[in-house]
2 protein chains.
Amino acid sequence: MVESNKEIPTIKDVAKQAGVSVATVSRALNGNQRVSAETRKKIQQIAKDMGYHPNLIARSVRMKKTSIIGVVISTVTASFFTEVIDSLTELAEDNDYQLIIARTNENPKNEKKAVEVLTQQMVDGLIIATTGHEIDYTNIVNRFPTVFIDRMPTNVNSSKFDAVVVNNEDGTKKLVSFMIKFGASQIGIINSEVTATQNQRLNGYKKALQVNAIPIDESLIKKSQVDYSDVEGLTSQLLFNLRCDAIVATDNEILQRVLKRTYERNIKDIQIGCFDYSPWMQFIRYPIVVAAQPTVQIGKVAFKLLMQRIKNPDKAQEIRELNTTIKIKTK
Amino acid sequence: MVESNKEIPTIKDVAKQAGVSVATVSRALNGNQRVSAETRKKIQQIAKDMGYHPNLIARSVRMKKTSIIGVVISTVTASFFTEVIDSLTELAEDNDYQLIIARTNENPKNEKKAVEVLTQQMVDGLIIATTGHEIDYTNIVNRFPTVFIDRMPTNVNSSKFDAVVVNNEDGTKKLVSFMIKFGASQIGIINSEVTATQNQRLNGYKKALQVNAIPIDESLIKKSQVDYSDVEGLTSQLLFNLRCDAIVATDNEILQRVLKRTYERNIKDIQIGCFDYSPWMQFIRYPIVVAAQPTVQIGKVAFKLLMQRIKNPDKAQEIRELNTTIKIKTK
DNA sequence: CTGTTAGCGCGTTCAC
DNA sequence: GTGAACGCGCTAACAG
């Protein structure tokens with residue numbers, strides 16, 4: 001067993017080995033300064049031989065730039081967020097940034113803690129999917145370049161931030177209109193009421209009914225518990241008591257529980273509407289209309305806006321609204 | 001619009017405001033030293049009023065401890081990895097660590113780059129799902145506490161690392177045995193050959209056949225392209241030319257393409273075997289046997305082993321092998 | 001072209 | 001109990 005040297009060489013070690021000052025090493029390795037080609041070559045060789053790599057943390061405190069972006073999301077296990085993160089990760093790699101991801105599980109306390117830790121880490125910027133529960137982001141956005149995604153903050157007395165959101169209302173509106181076109185007449189909806197997003201989706205449902213001259217029946221509108229424990233029961237109500245021929249599930253957690261019940265009860269004919277496309281949906285028994293969120297695009301726009309604000313913290317605020325795409329599986 | 005002060009207060013600012021030295025502020029805020037209760041109270045109050053938070057980056061260079069763990073995985077979009085990451089995130093939160101996640105997309109070049117960047121960030125430890133393509137980790141594991149997950153490194157001349165892997169061979173062996181028990185006799189398998197993991201899964205398939213006295217027919221063993229472009233064609237071969245009544249897909253990417261073809265061709269009776277459970281699987285038309293990997297457990301064990309090695313870098317090597325759990329959907 | 005000096009923000013001697 | 005001085009590893013300013 002080779003007992004390798006555990007010490008990590010510093011710029012000082014390289015300087016000593018090369019018989020020059022640390023400043024010269026720094027310049028030689030960072031390229032952009034004037035150093036004789038000869039000494040540069042020599043220093044590069046020695047650095048390589050010693051396995052020297054600059055300590056990015058030390059550089060960060062000196063440069064007041066960490067090249068780290070803090071990302072705050074609800075959970076990594078939801079496809080919407082994994083896809084956004086995947087998109088952000090790719091952009092980060094291309095631009096030499098690192099991502100630190102924190103999750104809230106929709107709990108404002110976790111969100112506060114997450115933002116606090118990230119700012120203490122001196123991140124160069126923040127990308128946040130806020131729970132929106134009255135957290136005051138005024139000081140944060142004034143000090144750190146910040147882009148909100150998915151949901152707008154509700155309580156910020158500053159315009160020094162950007163945002164990229166999805167037109168959820170329009171999404172459900174298109175969604176439900178398609179379902180009606182495909183023959184649905186008694187359409188139930190189950191949402192979860194946690195976020196503003198969810199309410200927007202409900203509004204879209206109502207608008208679609210209005211546009212199609214279908215009266216809004218409040219008994220067809222169900223809100224589930226935050227832990228989704230009652231979704232299956234609500235599904236039964238919609239199916240059997242209220243004779244629905246179609247159900248809209250406003251997110252995938254709800255959708256899976258709806259399907260669990262309809263499969264159990266061996267329901268053959270029902271139309272399903274939902275948000276957030278997953279490739280698994282093509283194997284579901286029913287016709288299904290999906291409002292797919294532009295996750296990759298959200299990542300791209302958020303990253304771009306963040307880069308711009310990092311470059312110019314006082315630039316004008318930009319709020320971008322993106323649209324969903326409807327995907328249809330007709331049985 | 002309130003124009004808030006953009007400057008982030010440092011320990012120096014607090015000291016000046018309180019009329020004490022920075023040393024006293026540091027002591028007062030970090031608790032553990034001897035400071036008069038009076039001045040401590042006062043300093044804490046002032047710090048709070050000023051919105052002071054310690055600069056963790058600066059602290060890191062001083063303490064030679066970043067409280068950051070680097071995680072290297074294949075992709076964030078695969079459920080196996082998201083579940084492991086979710087588990088790790090929870091443990092990190094509980095222990096005041098941050099996670100920086102880098103992805104390889106199974107490309108050794110990306111892996112090398114990722115590890116390089118993370119070590120330059122002076123992470124306190126590494127958790128790595130290596131592509132296993134001959135990367136020499138000797139120097140890395142000698143310098144940084146490292147735990148490998150999912151796959152063992154192939155080329156390390158040191159035992160200063162730990163690992164937690166899954167018994168893939170046993171997984172497929174159990175999986176296929178169940179399929180046989182449920183009536184399958186002509187069982188095809190499609191795997192992707194990229195990683196050692198995949199080969200182990202193939203071996204388990206062969207062992208299961210042996211144990212059940214079914215001759216191994218090499219023509220039923222298919223390896224797909226890395227981009228999975230030929231999976232659907234291979235599925236057709238297994239179905240129509242080779243008359244399979246069961247197909248094993250060694251990961252979810254393959255599985256989805258197999259299903260795509262069987263649905264297209266309106267296949268009614270076929271048995272499916274696969275790795276990595278997803279809740280969506282309960283809505284698939286066919287009987288299905290899944291070897292579920294213990295993702296949460298993998299995260300827990302990996303984190304624990306890492307903590308132990310951080311505490312004692314010279315401790316004895318531990319290689320943990322965990323088992324899959326079989327989940328069955330009988331139509 | 002290169003070395004010396006200074007300082008980023010912090011925690012820790014070592015005096016008083 | 002408190003302050004002055006030092007150093008973590010690095011880059012930038014100023015000399016020469």
Side-chain angles (χ1 to χ4, degrees), chain A residues 6-44 46-47 50-68 96 117 119-124 143-144, chain B residues 6-44 46-47 50-68 96 117 119-124 143-144:
Chain A
K6 280 215 51 154
E7 304 311 318
I8 297 173
T10 73
I11 195 171
K12 214 171 169 178
D13 300 321
V14 178
K16 195 178 294 177
Q17 186 79 17
V20 296
S21 73
V22 291
T24 305
V25 176
S26 176
R27 283 189 287 246
L29 263 28
N30 292 332
N32 45 347
Q33 308 286 348
R34 48 268 159 106
V35 186
S36 82
E38 190 182 12
T39 48
R40 164 164 299 156
K41 258 277 193 278
K42 181 175 140 202
I43 289 171
Q44 281 172 337
I46 289 175
M50 297 180 72
Y52 168 79
H53 293 281
N55 180 328
L56 262 35
I57 295 292
R59 176 182 286 171
S60 292
V61 9
R62 183 65 236 256
M63 307 284 275
K64 292 178 174 299
K65 176 180 187 321
T66 55
S67 294
I68 295 176
D96 291 317
V117 173
T119 52
Q120 289 182 233
Q121 289 280 359
M122 299 289 125
V123 293
D124 288 348
R143 286 176 165 78
F144 294 88
Chain B
K6 279 212 53 149
E7 304 310 318
I8 297 172
T10 73
I11 196 172
K12 213 170 169 179
D13 300 322
V14 179
K16 196 178 294 176
Q17 185 80 16
V20 297
S21 73
V22 291
T24 305
V25 176
S26 175
R27 284 189 287 247
L29 263 28
N30 292 332
N32 44 347
Q33 306 287 347
R34 51 264 160 104
V35 185
S36 82
E38 189 182 11
T39 47
R40 162 161 302 152
K41 260 280 193 275
K42 179 175 141 203
I43 289 172
Q44 282 171 339
I46 289 175
M50 298 181 71
Y52 168 78
H53 292 282
N55 180 328
L56 262 34
I57 295 292
R59 175 182 285 173
S60 292
V61 12
R62 181 67 234 261
M63 308 286 276
K64 292 178 176 296
K65 176 179 186 321
T66 55
S67 295
I68 295 176
D96 291 317
V117 173
T119 53
Q120 289 181 229
Q121 289 279 0
M122 299 289 126
V123 293
D124 288 346
R143 288 175 164 78
F144 294 88

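Throughout, protein chains are lettered first and strands after them, A, B, ... in sequence-line order, and every chain is numbered starting at 1.
Listed candidates were D:dA12, C:dT12, C:dT2. Nearest to the side chain of A:Ala23 is D:dA12.
Atom CD1 of A:Ile57 and atom P of D:dC10 are 12 Å apart (whole Å). Following rounding to the nearest Å, A:Asn30 (CG) and D:dC10 (P) show an atom-to-atom distance of 10 Å. Nucleotide D:dG9 holds its P atom 17 Å from the NZ atom of B:Lys65, rounded to whole Å. Whole-Å rounding puts the B:Leu29 CG to C:dC10 P distance at 10 Å. For A:Arg27 and D:dC10, the CZ to C1' distance is 13 Å, given to the nearest whole Å. In this structure, CZ of B:Arg34 is placed 12 Å from C1' of C:dA15, rounded to the nearest angstrom. For B:Lys42 and D:dG1, the NZ to P distance is 16 Å, given to the nearest whole Å. D:dG9 atom P lies 15 Å from atom CD of B:Gln120, rounded to whole Å.
Residue B:Thr39 places at least one side-chain N or O closer than 4.0 Å to OP1 or OP2 of D:dT2. Here B:Thr24 reaches the OP1 or OP2 of D:dG3: one of its side-chain N or O atoms lies under 4.0 Å away. For D:dC10, the OP1/OP2 oxygens have no side-chain nitrogen or oxygen of A:Ser60 closer than 4.0 Å.
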Might you list the N or O atoms of the protein lying below 3.5 Å from N or O atoms in nucleotides 6-9 of chain C, with each pair's distance?
| residue | atom | partner | partner atom | Å |
| --- | --- | --- | --- | --- |
| C:dG7 | N2 | A:Arg62 | NE | 3.3 |
| C:dG7 | N2 | A:Arg62 | NH1 | 3.0 |
| C:dC8 | O3' | A:Lys64 | NZ | 2.9 |
| C:dC8 | O2 | A:Arg62 | N | 3.4 |
| C:dG9 | OP1 | A:Lys64 | NZ | 2.5 |
| C:dG9 | N2 | B:Ala58 | O | 3.4 |

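A side-chain contact (heavy atoms from CB on, under 4.5 Å) with B:Ile11 is found for one member of B:Val22, B:Thr24, B:Asn55 and no other, namely B:Val22.
Here the side chain of A:Thr66 pairs no donor or acceptor atom with the backbone of A:Ser60 at under 3.5 angstrom. The backbone N or O of A:Thr10 sits less than 3.5 Å from a side-chain atom of A:Asp13, completing a donor-acceptor pair. In this structure, the side chain of A:Arg143 does not engage the main chain of B:Ile8 through any donor-acceptor pair within 3.5 Å. Side-chain N or O atoms of B:Lys42 include one that pairs as donor or acceptor with a backbone N or O of B:Ala18 at under 3.5 Å.
At a cut-off of 3.5 angstrom, the base of D:dG1 holds no donor-acceptor pair with the side chain of B:Arg40.
The shortest distance between side-chain heavy atoms of A:Arg59 and A:Asn30 falls below 4.5 Å. Contact annotation: the side chain of B:Gln44 approaches that of B:Arg40 to within less than 4.5 Å [non-hydrogen atoms, C-beta and beyond].
The distance from the CE atom of A:Met122 to the NE2 atom of B:His53 is 9.0 Å, given to the nearest 0.5 Å.
If one axis is set at each end of the helix from C:dC1-D:dG16 to C:dC16-D:dG1 from five pairs, those axes are 50° apart, to 10°.
Partners of B:Asp124 under the salt bridge (Lys or Arg N to Asp or Glu O under 4.0 Å) rule, at least two apart in sequence or in another chain, are B:Lys65.
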